[in-house]
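To keep things clear, I will list the structure first and then write my remarks on it.
All figures in this text were calculated on a predicted structure; none of them were measured in a lab. The basis for the numbers below is simple: all heavy atoms, side chains too, and nothing from hydrogens, waters or symmetry mates.
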Amino acid sequence: MPHASFVHLRVHSPYSLSEGAIRLDDLVRRCREMGMPAVAVTDTNNLFGALEFSDAAQKAGVQPIIGCQLSLAREETSGARVGVAAGAGKSGPETDPFVVLVQSQAGYRNLLKLVRIAYFGANGIDAPVTPQVTLTDLEGHNEGLLLLTGGPMGPVGRLLAGGQVPAAEALLLKLAALFPGRLYVEILRHGMAVEKATESQFLELAYRHDLPLVATNEAFFPDRRMFEAHDALLCIAGGVTVGNPERRHLTAEHYLKSPDEMERLFADLPEAIANTVIIARRTAFMIEKVKPILPPFDCGQDRTEADELRRQAEIGLEDRLKASVYKTGMSAADKEAAAKPYRERLDYEIAVIAQMGFPGYFLIVADFIRWAKTQGIPVGPGRGSGAGSVVAWALTITDLDPLRFGLLFERFLNPERVSMPDFDIDFCQDRRDEVIQYVQDRYGRDRVAQIITFGKLQARAVLRDVGRVLEMPYGQVDKICKLVPNNPAKPVTLEQAIQEEPQLENAIEEDDAVRRLFTIARQLEGLYRHASTHAAGVVIADRPLDELIPLYRDPRSDRPVTGFNMKHVESAGLVKFDFLGLKTLTVLVDAVKLVEAGGGGKIDLANLP
């Protein structure tokens, strides 16, 4: 079957937070239906969905084009890089969007670097207030990348729109020199006045300097019918109402147009359409999944991790036997008999751990737990299947005797079911960050990050948000929201709520405003509203993280956060460690101190009778 002659190169998925509304599964399905051989996702200043998109597209038989819409800091701002964290009172410098698309592994690595720079600065210290890169950053990280100029809203287009034609030409030539043979002058036609005002100047510059044109349609939502809902989404993001004349506006044309629609729209510039397919051929790169990579553990000279694990586990087991298994008055023979099942189990577990390649994992976990305990940071006794390991007990990762309680090691690690070990480790909630800081200091700040998570517009929340931007009375919206069942463990969808609650169905049928509220809310439900940090997940790498995954900075913290969620960091080669903060541990330790202060004697929580 012949493929379409146009490829979308500027699509925003829900990972363009509170901005994009084209779900990835829907995107690749639509591409197949329209006969598009490839499609690019270019989310704003992030690669959150790159691996998920790559997987979905490959399964659907569509070539994924990995890209990103980055923000270029304006050169005319004088002085050093403006808007860094030191200038906290500023809103940050003005920036202009442009698009880069990945051609190769080298290009993907460079894009990972640029995304990291956008959030943390080139030196990793002076983080900008808003994500941005500079021309200097592009000079060092452009190999394997194609650049689209960004249209009238991009850096060149802004100068043209402002009447600064010489400056626009100079910047265009500078970008062309940075991306030789890899720069395309982008033409967009959404019906916006600024597009019409600058198009002839773009064409003149492109023809004068023999630069290729490309036609794009910046798609934020799947079809025209979603324009009103997407407009409400932009209002939610901006904290404004739809009636605010100063708010951000897009047009009804910012949808995923069909190839036929794009060909008709650019009938006078057929080369701009043809170049989309040429670009797709030039960007035939896919992100490969990587097997888990653990950082090396320093075992000393001439000792492997397996040797070190055995050494530490055997020493630890003898300490455990003396403290918890041997009884007063036991003979040597009785002690040997009591110890035999533990030593046999230890040998078996070490063999399995070594066979599966996980000695380093146990050593790393034991190291930071041991450090926490020496610092007086309360650590949980162990829970989950990890409590069934004698090796974990010997290394003081857990404090539960697996043989005493009949716990099975195979529930944790099983050679017939290969998966990464996963200890759920509880730390005092108030001092959990100290342990993470220790791990960063030990393995390197650039190799340790917390895992990202995304907040969704769920049933009640999306109703409240949409009701607010539509300027509906608070009391009316609140009454409607309370009719939606609230089950945090298993949130209901709006569709389920309508089926379960007759009053909701009646309100929708009887009130036009409520009907509009639900029509919009149902289209936005499930989209991502914001990014935040996972409550427990931490990754530790054997190399700088920006060589494996994109990074992100939570505005409320200076710590790096992974740009992939928990599922996809593991596919990118990273191993997850769970650092859970548990308030109960703090309460228990405080209670022990109070008992001791009151003359009640010393209590050992790990060895209660």
Testing the 3.5 Å rule here: is there a donor-acceptor pair between the side chains of T586 and Q429? no
Can you name the closest pair of heavy atoms from A57 and V28 and give their distance? CA-CG1, 3.6 Å
Residues at least two apart in sequence or cross-chain that pass side-chain contact (heavy atoms from CB on, under 4.5 Å) with T136, listed by chain then number, are T134
In sequence, state the C-alpha distance, the side-chain angles, and the governing distance for E19 and R248, and then conclude on salt bridge (Lys or Arg N to Asp or Glu O under 4.0 Å). CA-CA 11 Å; E19 181 184 43; R248 180 186 179 188; 2.9 Å; yes
Nearest-0.5 Å distance, CD1 of residue I236 to CG of residue L524: 5.5 Å
Yes or no on side chain to side chain contact (heavy atoms under 4.5 Å, CB included) for V11 and F53, after CA distance, side-chain angles and deciding distance? CA-CA 12 Å; V11 176; F53 163 59; over 6 Å; no
Search all heavy atoms of L112 against all heavy atoms of P550 and return the closest pair with its distance. CD2-N, 3.4 Å
Does M286, at its CE atom, have more than 12 non-hydrogen atoms belonging to other residues, nucleotides or ligands within less than 6.0 Å? yes
Salt bridge (Lys or Arg N to Asp or Glu O under 4.0 Å) involving R23 - partner list, sequence neighbours excluded: none
Sorted by chain and number, sequence neighbours left out, salt bridge (Lys or Arg N to Asp or Glu O under 4.0 Å) with D298 holds for none
Examine the side chains of H568 and E52 and answer whether a donor and an acceptor come within less than 3.5 Å of each other. no
Please walk me through it: do R559 and I436 pass side chain to side chain contact (heavy atoms under 4.5 Å, CB included)? CA-CA 10 Å; R559 276 206 182 118; I436 296 175; 4.0 Å; yes
Please indicate whether E288 has more than 12 foreign heavy atoms, meaning atoms of other residues, nucleotides or ligands, lying under 6.0 Å from its CD. no
Ignoring hydrogens, what is the shortest heavy-atom contact between G537 and M566? Give both atom names and the distance. CA-CE, 4.4 Å
Would you mind listing every side chain to side chain donor-acceptor pair (under 3.5 Å) that reaches into residues 386-395, with sequence neighbours excluded? E349-S389
What residues form a ring-ring contact (aromatic ring centres under 6.0 Å, His included) with H141, not counting sequence neighbours? none
Would you tell me whether T304 and E308 have side-chain atoms, one donor and one acceptor, within less than 3.5 Å of each other? no
Distance check, rounded to the nearest 0.5 Å: L146 atom CG versus L9 atom CG? 9.5 Å
If you measure from the Lys or Arg side-chain nitrogens to the Asp or Glu carboxylate oxygens, is any gap between D426 and R383 under 4.0 Å? yes
More than 12 heavy atoms from other groups under 6.0 Å of CZ on R311: yes
Before accepting this row, confirm whether a basic side-chain N of the pair R116/D446 lies closer than 4.0 Å to the acidic partner's carboxylate O. no
With a 6.0 Å cut-off on ring centres, are Y438 and F368 close enough? no
Test side chain to side chain contact (heavy atoms under 4.5 Å, CB included) on T283 and V102; report intermediate values, then the result. CA-CA 6 Å; T283 51; V102 174; over 6 Å; no
Between I377 and V435, is a side chain to side chain contact (heavy atoms under 4.5 Å, CB included) present by the stated rule, with each step listed? CA-CA 9 Å; I377 299 173; V435 188; 4.0 Å; yes
More than 12 heavy atoms of other residues, nucleotides or ligands under 6.0 Å from NZ of K373: is that the case? yes
With sequence neighbours excluded, residues passing ring-ring contact (aromatic ring centres under 6.0 Å, His included) with Y108: F285
Please round to the nearest 0.5 Å and tell me the distance separating atom CD1 of I369 and atom OG1 of T374. 12.0 Å
Going by salt bridge (Lys or Arg N to Asp or Glu O under 4.0 Å), name the residues that satisfy it together with K289, two or more places apart in sequence or in a different chain. D55
Taking side-chain contact (heavy atoms from CB on, under 4.5 Å) as the test, write out the residues that go with A106, two or more places apart. S104, E143
For P485 and V492, the nearest pair of non-hydrogen atoms, with its separation, is O-CG2, 3.4 Å
Those residues that, when tested against S13, pass side-chain contact (heavy atoms from CB on, under 4.5 Å) (two or more places apart): Y15, L24, V41, D43
Do the charged groups of D96 and R74 touch, with an N to O distance under 4.0 Å? yes
Rounded to the nearest 0.5 angstrom, the CG-CG distance for L145 and L114 is 6.5 Å
Of F362, F358, F577, which is the lone residue that meets ring-ring contact (aromatic ring centres under 6.0 Å, His included) with F423? F362
Roughly how far, to the nearest 0.5 Å, is the CD atom of E218 from the CZ atom of R10? 4.0 Å
Short side-chain to backbone donor-acceptor contact, R553 and Y119, under 3.5 Å: yes
Salt bridge or not for R431 and D433, using N-O below 4.0 Å? no
Could you tell me whether R310 and D307 make a salt bridge, using a distance below 4.0 angstrom between a side-chain N and a carboxylate O? no
Salt bridge flag under 4.0 Å for residues D367 and R442: yes
Main-chain N/O of T493 paired to Q496 side chain as donor or acceptor, under 3.5 Å: yes
Give me the atom names and distance for the closest heavy-atom approach of H230 to A21. CD2-CB, 4.1 Å
Which residues share a salt bridge (Lys or Arg N to Asp or Glu O under 4.0 Å) with D25, sequence neighbours left out: none
Pairing of D422 and K576 as salt bridge, 4.0 angstrom limit: yes
Could you give me the CA-CA distance, side-chain angles and deciding distance for R529 and D465, then say whether salt bridge (Lys or Arg N to Asp or Glu O under 4.0 Å) is met? CA-CA 11 Å; R529 179 170 183 176; D465 281 334; 2.5 Å; yes
Side-chain donor-acceptor pairs under 3.5 Å in residues 453-463, sequence neighbours left out?
{"residue": "R460", "atom": "NE", "partner": "C481", "partner atom": "O", "Å": "3.1"}
{"residue": "R460", "atom": "NE", "partner": "V484", "partner atom": "O", "Å": "3.0"}
{"residue": "R460", "atom": "NH2", "partner": "V484", "partner atom": "O", "Å": "2.9"}

Interatomic spacing from OG in S419 to CG in N414 - rounded to 0.5 Å: 8.5 Å
Of all heavy-atom pairs linking A572 and L51, the shortest is N-CD2, 4.3 Å
Have a look at P359 and tell me which of I350, I353, L294, I364 forms a side chain to side chain contact (heavy atoms under 4.5 Å, CB included) with it. I353
Less than 4.0 angstrom from a charged side-chain N to a carboxylate O is my criterion; do D430 and K583 meet it? yes
Any residue meeting side-chain contact (heavy atoms from CB on, under 4.5 Å) with N142, in chain and number order, not counting sequence neighbours: L178, F179, R182
